[in-house]
Each structure stands twice: as C-alpha cells, then as structure tokens.
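The next block holds one structure in the form of structure tokens; read it before the comments.
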Amino acid sequence: MKVEDVVCPFCGCLCDDLVVEVEGTRVVNVENGCTLANEKFMGDHRLKAPIRRAGNAWEEISYDEAIEETAAILLDADRPLLYGWSGTFGEAQSVGVHLAELLGAVIDNTSTVCHGPSIMAIQEVGHPGCTLGQVKNRADVVVYWAANPIEAHPRHMSRYTTFCDGFFVKSAFRERKVIVVDVRETESSQVADEFVKVNPGGDYAVLSALRAIVRGKRDLIPATVEGVSREQLFRVADLCMSAKFGAIFFGVGLTMAQGKYKNIRNAIELTEELNRHTKFTISPMRGHWNVYGSNEVFTWITGYPYAVDFARGIAFYNPGETTSVDILRRGECDACLVVASDPGAHFPRACAEHLARIPTVQIDPHVNATTHLSRIQIPVAVTGIDAEGTAYRMDGVPIRTRRLFYGNYPDDLDVLEKLYRIIREARG
Amino acid sequence: MNFLLNTGRTIRQGSSVERKNSATYREEASAVSMNPVDMFEMMVEQGDRVRVKSGSGEVVMWVRPDPGLGRGKVFVCLGPYANHLIGTETHGTGMPDFKSTPVSIEPTEEPVPSVAVLMRQCGGVPYEG
Ligand code: SF4
C-alpha cells in the first residue's frame, strides 16, 4: 500500500510530502525523503518487549508490570525529573506535563541542551520570525549562522531556500544569495555565495560589528573581527541591507558557544537593525523533530517552555537551576523518567553517571545509550509510523502526523495515561 | 597536543542514531576529525587511535582528517564519546559548553570502547539485545 503526503518524524523540518510504501507492519520504500528519513522509516531496530534490569543482566517483563513498577518508582521519589519529550507527539507531551504537576516533579525537554538559550533570548527581546513558506516565496538573502543544514536538516535548502524556487523568487539559483557563517568549513558552507569563517567563540563580536555597520558606524570597525576581515563584514552587511526580504536561520553553534543566549539576543537585535532598512526575519533551526511542540505544549499548560519545576505546587522556571543538566549535576533528582530522547548519549558524562545511580525508566522504541543506564525500558510505537498525533514544525506550524499501520506496540499516550491513572489513584 | 573540541550533528550520526549499539554508530560517534597538518605533527594517520582528555574525563577515539577544520581545532559528532569530555558547567543557562572544550590528544594503542562499555563506565549495565 502506498501512502501519500506522509510527514517525516525525524527532524524539525517535518517534511510532509513523503510517499511511503507499507507491507503489513513494515515500511518497504520511501520516496522524497532524505537519508535520515529513509533510515527512520526503513530501519527496524526496535526493542521487542519491556525490559527490566535484574542485577547485572536484563529480563523481559509485561507492559502492566513495567508500568506499575514505573509508577512505584515515581511515587517513591522526592524529586523526580521527567525528561525528553521531543520525539513524541503533543497529546503525549500534555499528559507528561499533568503527570509532572501531580508528582510535584521537574519536567524538561530537549531544548534544554539545544535551543533553550534561544528561548531565553526571545523572552528578553522577542522573536521577529516567520513561516518557512514566507522564506521560500520571498527571501532573496538567506543567512545560515552556526548551522549546517546539509547534515542536520538535509532538505531545508531544497524545500525552502538555496535550491528552491518561490513565488517571488522565480529562480533561486540566480536570485537567492546564501551566506553561511560558521567556525569551520562544512558541506553547507561550500554551497554558500559568501562563507564567513569566525573564530570559535567570536560570534558575539561579529554580530556586534555587523550591527554597528548597519547602524552606519563603518569607521569603528577594526581590520579584522574574530578572524573576519572588515571588507567581508561590509560585503555581508551590504548584501543584507540590499535584500528585499532576508531570513536568518541559526543553529546550536550559537546557543552552545560562549555567550550562549546573549549571542542569540545579539542576532535578534541585528535583525531588528536590518528591519530599519528592509524586511528581515530570524528563526532557530530546531533539530529534534517535535521539540518545538514540547515548548508549545509546556507553555500553554504551565506558562513556561521548558525546565518547569512543580516542587512548590506551582510552575516555577529558572534556567541554570531547574534545567536537567544542572539538576543532574547537583545530584538532586532521585528518579528520572525519560521519554522519547537519549540523555545517556547527549548529556555530559557526570549527568549520565547520576542517571545510572538513581532509578531511571525510559519510554522509547529503540535501544539507545540511556537503555544501559536504566532500570526499566518500555518500548512504544514510533510516532509518525505506527502512532499518530500532532507535532510542530521548526517555524511553529502544527502538523498532524499519520499512522501508516497498526502495529503491536502501545503508543506514548497509552503508556503515559496508564501511568497517570495509577499515580492519581495512589495520590488520592 | 592541545586542541579546542567542537561538537555537532553529522548525517551519518543521524542515520544510525536509532541503532546506538551498532558498529556504524560507534564508528561515527567515536571519530575525532582533525586538520591534516595537526595529524602530521602528531604523527597519526587516518584510523589511528588517540586518547582524548579534558578536565572532565577521557576517552579513546580514532582520527580522521578534515581540511575544513582550522589548526588546533577538533570535531566530534554529538554523542556519548564527545560527552565523556564535556563538563557540566552551564554558566546559569542550562547549556553545557558543547562547542568549546579544551582537550589534549595523544596517540594510543588502546581500543575504542563500545557505547555499552562507556555506559558501564558511567555505572550502567550493558543491554546487548
Ligand atoms: S529534512 Fe528532516 S523532516 Fe525532511 S525528510 Fe529529512 S529528516 Fe525528514
């Protein structure tokens, strides 16, 4: 059976034009997808049944047993952490937030180690963003700052920018200029019209220099700024100011480097300066599939986008304190529920060590690094393949994913609702 | 020799991210990319193993050349190998220094550990199923 207009459940682009061929409970062919999509749909490497650590070995257990034991772990904890959420759909994320409130837990999503600092900057100075459709149809200058879309969002350039003609940009190849700013050469920098190579940690200074130029203060700019020549800075500023519509996309190269959220604030303020001359927008390249959705769902329930602490009975948010890495670093949480992410692989080693010390339970379709650190893992259906729900694209557009077949796994929502019911009953 | 460690996504890391016990993932996640001139000075060739140390930990990886990297800079894709080197300081933002960790690198004969072994070093119990 061929299914059309399938939504890819891998990266924040949420491409919705895939054609997927299904035989029984297997995907046998994918059209239009990138390498990452093909692997996501065709790779069949799922954990077969719930597993529990038994001493130095593992044993299979039933779903009921796994869920009941998870509930007991969470009920027993004084400061549980519920982490992850980006690989699942909004309806499941919503149950997660209610579960956190019931438990007085901290709930955090993967933006904490991704675009969390972007959100902090947006909270300070706002977000002059737009949808990807606007960029595709209007932008004649596109800037990728500290992002490598060819590796991380492989179809971003072909669906929306460099290689994609739009309504007002009839020939992208001739009419769209692409600027890549990065600390290293990448495949993306090779296709740029202008590649700006910045010293590591130098983004803030380069952004400030561009702001000064856009403000008309060219005489203040020294011969080089963090490895970038004055001439190139002038050229880049001129390109941006002469654009009819410009779009900046920035990656975690800005959020993770020195300066963290202050880099993003500076980039947003550069966008503001550019808007004195022309129309310019700025957007983060959200990586992990529905991470934007986790920010939306957390925000419409609690008022905060990530790192929400319910210990006081009300929602409290303070990045640096209620963020997962800080909580794990301080050895503060005494149980952890991981849903649809892999902190074992993506958090610093000392955090992984704390996850191994406390009872950690993982709800995830696949064996990953966190599996080895967990006490229990509960496999679930893969959202967008055998589970359906709502996810948000990187530009904040909600898209309903499709279920391609009915498999044998419960989905995240089934498992979390059961968990919620048991815990609510126990709490009375 | 001393280097500045940068981390990020690669397409091969993304393709094998749901198979973290696989040889493909291990190969990609444990590769440290380095400027060829630095490799020459260290007298290491593509595929040679090196011990990478930071203030937070150390791990054995294998080297591959990347002329796109400046001298003194190395790149490892995000994952458990890179994270063996990254500290937990977040400067009050929740975000560790994934893009700029000073490391020292020296050749070694020791083998590159598997993801399961790395997690055992963190206190976990490898699941090989
Ligand atoms: S670019 Fe992202 S969303 Fe689109 S097909 Fe590739 S992995 Fe999927």
Side-chain angles (χ1 to χ4, degrees), chain A residues 10-11 35-36 39-40 43 45 47 51 53 56-58 112-113 116-117 120 148 150-152 154 183-186 189 200-201 252-253 255-258 260-261 287 307 319-320 323-326 328-329 342 344-353 355-357 366-369 371-373, chain B residues 4 6-22 25 29 33 56-57 59 66-70 73 75 77-100 115-129:
Chain A
F10 193 92
C11 86
T35 317
L36 300 174
E39 275 293 331
K40 178 83 192 179
H45 314 280
L47 180 62
I51 51 169
R53 198 201 286 187
N56 276 333
W58 290 87
T112 201
V113 287
M120 290 167 72
N148 183 9
I150 289 187
E151 303 260 355
V183 294
R184 64 189 176 110
E185 281 167 41
T186 63
S189 73
V252 292
T255 66
M256 291 174 173
Q258 289 100 309
K260 306 279 193 306
Y261 70 103
T323 23
S324 297
V325 169
D326 298 280
L328 289 163
R329 169 168 65 104
D342 187 7
H346 298 138
F347 279 3
R349 174 196 171 123
C351 297
E353 285 171 353
L355 287 173
R357 270 195 295 273
H366 303 103
V367 172
N368 57 26
T371 306
H372 313 293
L373 306 173
Chain B
L4 197 61
N6 184 6
T7 69
R9 285 185 192 278
T10 66
I11 206 152
R12 291 192 62 206
Q13 174 268 338
S15 308
S16 53
V17 77
E18 292 183 344
R19 291 178 288 131
K20 291 212 176 79
N21 273 356
S22 70
Y25 180 79
S33 304
S56 307
V59 64
D66 180 351
L69 280 167
K73 319 277 187 334
F75 178 89
C77 81
L78 79 173
Y81 295 86
N83 275 313
H84 245 58
L85 302 164
I86 286 164
T88 51
E89 177 57 57
T90 75
H91 314 282
T93 66
M95 176 67 77
D97 291 328
F98 289 117
K99 296 284 174 189
S100 49
V115 171
V117 166
L118 281 185
M119 291 301 115
R120 191 172 64 211
Q121 288 172 8
C122 292
V125 171
Y127 175 78
E128 308 282 3

When the 4.5 angstrom heavy-atom criterion is applied to L355(A) and chain B, the contacting part is neither
Closest non-hydrogen atoms of T90(B) and G320(A), given as atom of the first, atom of the second and distance, are OG1-CA, 4.2 Å
The interface call for N21(B) against chain A, heavy-atom contacts under 4.5 Å, is side chain
> Can you find a heavy atom in the side chain of D97(B) that is under 4.5 Å from one in the side chain of K260(A)?
Replying inline: yes
Honestly, the part of S100(B) sitting under 4.5 Å from a heavy atom of chain A is side chain
Considering only heavy atoms from C-beta outward, does the side chain of K20(B) approach that of H366(A) to under 4.5 Å?
no
- Hey, mind stepping through C122(B) and R349(A) against side-chain contact (heavy atoms from CB on, under 4.5 Å) and telling me if it holds? CA-CA 7 Å; C122(B) 292; R349(A) 174 196 171 123; 4.1 Å; yes
Exercise. Report the C-alpha distance between L78(B) and H346(A) in whole Å, list the side-chain angles of each, state the deciding distance to 0.1 Å, and finish with yes or no for side-chain contact (heavy atoms from CB on, under 4.5 Å).
Key: CA-CA 7 Å; L78(B) 79 173; H346(A) 298 138; 4.1 Å; yes
The interface call for Y81(B) against chain A, heavy-atom contacts under 4.5 Å, is neither
Whatever's closer than 4.5 Å to a heavy atom in chain B on S324(A) counts as neither
Honestly, the part of I150(A) sitting under 4.5 Å from a heavy atom of chain B is backbone
When the 4.5 angstrom heavy-atom criterion is applied to E128(B) and chain A, the contacting part is neither
Whatever's closer than 4.5 Å to a heavy atom in chain A on V17(B) counts as side chain
So does I11(B) get a backbone contact from the side chain of E151(A), meaning a donor-acceptor N/O pair under 3.5 Å? yes
